**Q** 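To start, I am sharing the structure in question, which I have written as structure tokens.
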Amino acid sequence: MRPAPALAAIDPADLASEPLARAGTIPSAWYTDPRFHDIDSELIFARTWQHVGHAAQVATEGQYLVSTVADDPVIVVRGRDGVLRAFFNVCRHRGGPLATEHGCARALQCRYHGWTYLLDGTLRGVPAMDRTELFDRKDYSLVPLRVETWQGLVFVTLDAAAPPLETFVAGIAERIAPTRLGDLQFSREVRYVVEANWKVYVDNYLEGYHVPYVHPELVKLYDYQSYVTEVFDWYSLQYTPLTGDNALYSRDGGGDAFYYCLFPNFMLNILPGRLQTNFVRPLGPARCEVVFTYFHDDVESAAARQRIEDDVAYSDAVQAEDAGICARVQQGLASRAYDRGRFSVKYEAGVYHFQELVRAAYRRGLAGGAVPRTPPPPLSRD
Ligand code: FES
Ligand SMILES: [Fe+2]
């Protein structure tokens with residue numbers, strides 16, 4: 001079991017909302033106080049849909065992928081009946097893992113003492129348990145989780161009461177049409193560790209204000225002042241049409257760039273024939289992992305392979321600049337000199353929107369008690 005988070009670290013006075021033009025940023029303690037790692041895990045990550053992988057990883061019977069959601073290990077597996085299921089990747093014996101990396105199997109065998117579960121989570125094989133009394137295998141199935149797929153991307157939530165995934169992504173598929181993300185093919189995954197709280201990374205993603213100062217090369221390629229930020233219930237969008245000068249990304253001298261940030265920690269960077277997702281996973285109070293996953297419409301031809309190389313190299317350089325500034329900002333937020341700041345109405349509507357959703361999540365947490373989770377199946381001991 002996970003210890004309850006120290007909700008007393010949240011000062012109710014910090015939860016009041018103000019309009020953007022009058023609002024202050026969230027307090028620096030929310031980025032620096034180590035208690036907020038568990039608070040965010042419980043009040044934000046355990047209650048939202050979390051990206052865990054893409055559909056091609058679990059396309060056929062027995063294929064599974066592993067991830068973590070709100071610090072809990074999870075496994076998503078395609079059953080013999082073709083149904084996609086998710087479970088806590090936690091054996092009911094003594095907590096061992098069913099898998100430690102992605103793979104494919106006819107059954108899920110715990111890596112610790114070999115208990116074996118069918119792909120639907122039912123416990124089947126239990127070596128050397130014949131002298132254990134009042135033990136019924138049927139009481140020890142894997143604990144299920146909700147899983148949904150959208151546009152070829154797989155999401156899991158720990159919250160049994162969360163609205164369907166579609167609620168959170170409503171309107172995106174229509175907006176980006178005729179692009180269909182699910183038609184693109186996986187091309188590359190790159191992982192980065194950033195020495196900053198996950199919220200620092202998300203804040204930074206959500207504004208182009210820093211671009212001329214942090215990315216002097218990028219600013220030549222993009223007319224960042226033309227970016228429009230639009231906010232929706234659970235995501236915000238930075239949008240710009242592409243011009244012909246953008247040789248790397250525009251197609252036939254045109255196209256659109258869509259940069260979506262889905263609350264709380266998932267980004268869709270959509271350019272013609274190309275999707276790159278960023279998934280931000282907190283590793284601790286002042287450290288996060290950012291997983292970049294690339295998908296392209298052509299992954300075969302020599303020209304396409306070169307384009308992918310260029311795309312990854314370019315993003316890598318931009319990411320290094322963002323990671324560098326985020327680490328410095330984390331230090332600044334922890335300074336005795338700093339508590340909270342203000343927003344540019346012109347450039348930081350997306351940051352404000354994200355921070356308001358964090359505030360709302362904390363408000364709900366203070367008002368509400370424990371996360372409504374799928375409980376483990378009951379044990380019978382008659
Ligand atoms: S913990 Fe899984 S078999 Fe022991
Ligand atoms: Fe940046």
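Both counts, for ligands and for their atoms, begin at 1 and track the order of listing. Heads up: numbering here begins at 1 and tracks the sequence. Just so it is clear, the model here is predicted, and its values are computed rather than measured.
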**Q** Is it true that some N/O/S atom of E321, main chain or side chain, lies under 2.8 Å from the Fe ion (ligand 2)?
**A** no
**Q** Can you list the atoms of ligand 1 that are under 4.0 Å from a heavy atom of G114?
**A** 3 (S)
**Q** Any sub-3.5 Å donor-acceptor pair from T167's side-chain atoms to P163's backbone N or O?
**A** no
**Q** Hey, which N, O or S atom on H93 ends up closest to atom 4 (Fe) of ligand 1?
**A**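 H93's closest N, O or S atom to atom 4 (Fe) of ligand 1 is named ND1.
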**Q** Taking only heavy atoms of W115, which atoms of ligand 1 are found under 4.0 Å from at least one of them?
**A** 3 (S)
**Q** Salt bridge between R274 and D311, side-chain N to carboxylate O under 4.0 Å?
**A** yes
**Q** Using a 4.0 Å cut-off to any heavy atom of C110, which atoms of ligand 1 qualify?
**A**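 The list of qualifying atoms is 1 (S), 2 (Fe), 3 (S).
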**Q** Does the separation of the ring centres of H54 and F295 fall below 6.0 angstrom?
**A**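 Between H54 and F295, the centre distance is under 6.0 Å.
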**Q** Tell me whether C91 has at least one N, O or S atom under 2.8 Å from atom 4 (Fe) of ligand 1.
**A**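 No N, O or S atom of C91 is closer than 2.8 Å to atom 4 (Fe) of ligand 1, so no.
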**Q** Working to 10°, measure the angle at the Fe ion (ligand 2) formed by atom OD2 of D322 and atom NE2 of H210.
**A**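 OD2 of D322, the Fe ion (ligand 2) and NE2 of H210 span an angle of about 150°.
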**Q** Flag yes if more than 12 heavy atoms outside Y112 fall under 6.0 Å of its OH atom; otherwise flag no.
**A** no
**Q** Check whether any side-chain N or O of S41 sits under 3.5 Å from a backbone N or O of H37 as a donor-acceptor pair, and report yes or no.
**A**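 Here the side-chain-to-backbone pair does not exist.
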**Q** Which is the closest N/O/S atom of H113 when seen from atom 4 (Fe) of ligand 1?
**A**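 Checking each N, O and S atom of H113, the shortest distance to atom 4 (Fe) of ligand 1 belongs to ND1.
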**Q** Using a strict cut-off of less than 4.0 Å between a Lys/Arg side-chain nitrogen and an Asp/Glu carboxylate oxygen, indicate whether R188 and E309 qualify as a salt bridge.
**A** yes
**Q** Relative to the heavy atoms of G96, which atoms of ligand 1 are at a distance of less than 4.0 Å?
**A**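 Going through ligand 1 atom by atom, the ones under 4.0 Å from G96 are 1 (S).
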**Q** Give me the one residue out of N265, V194, V291, V200 that meets side chain to side chain contact (heavy atoms under 4.5 Å, CB included) with V280.
**A**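 The option that passes is N265.
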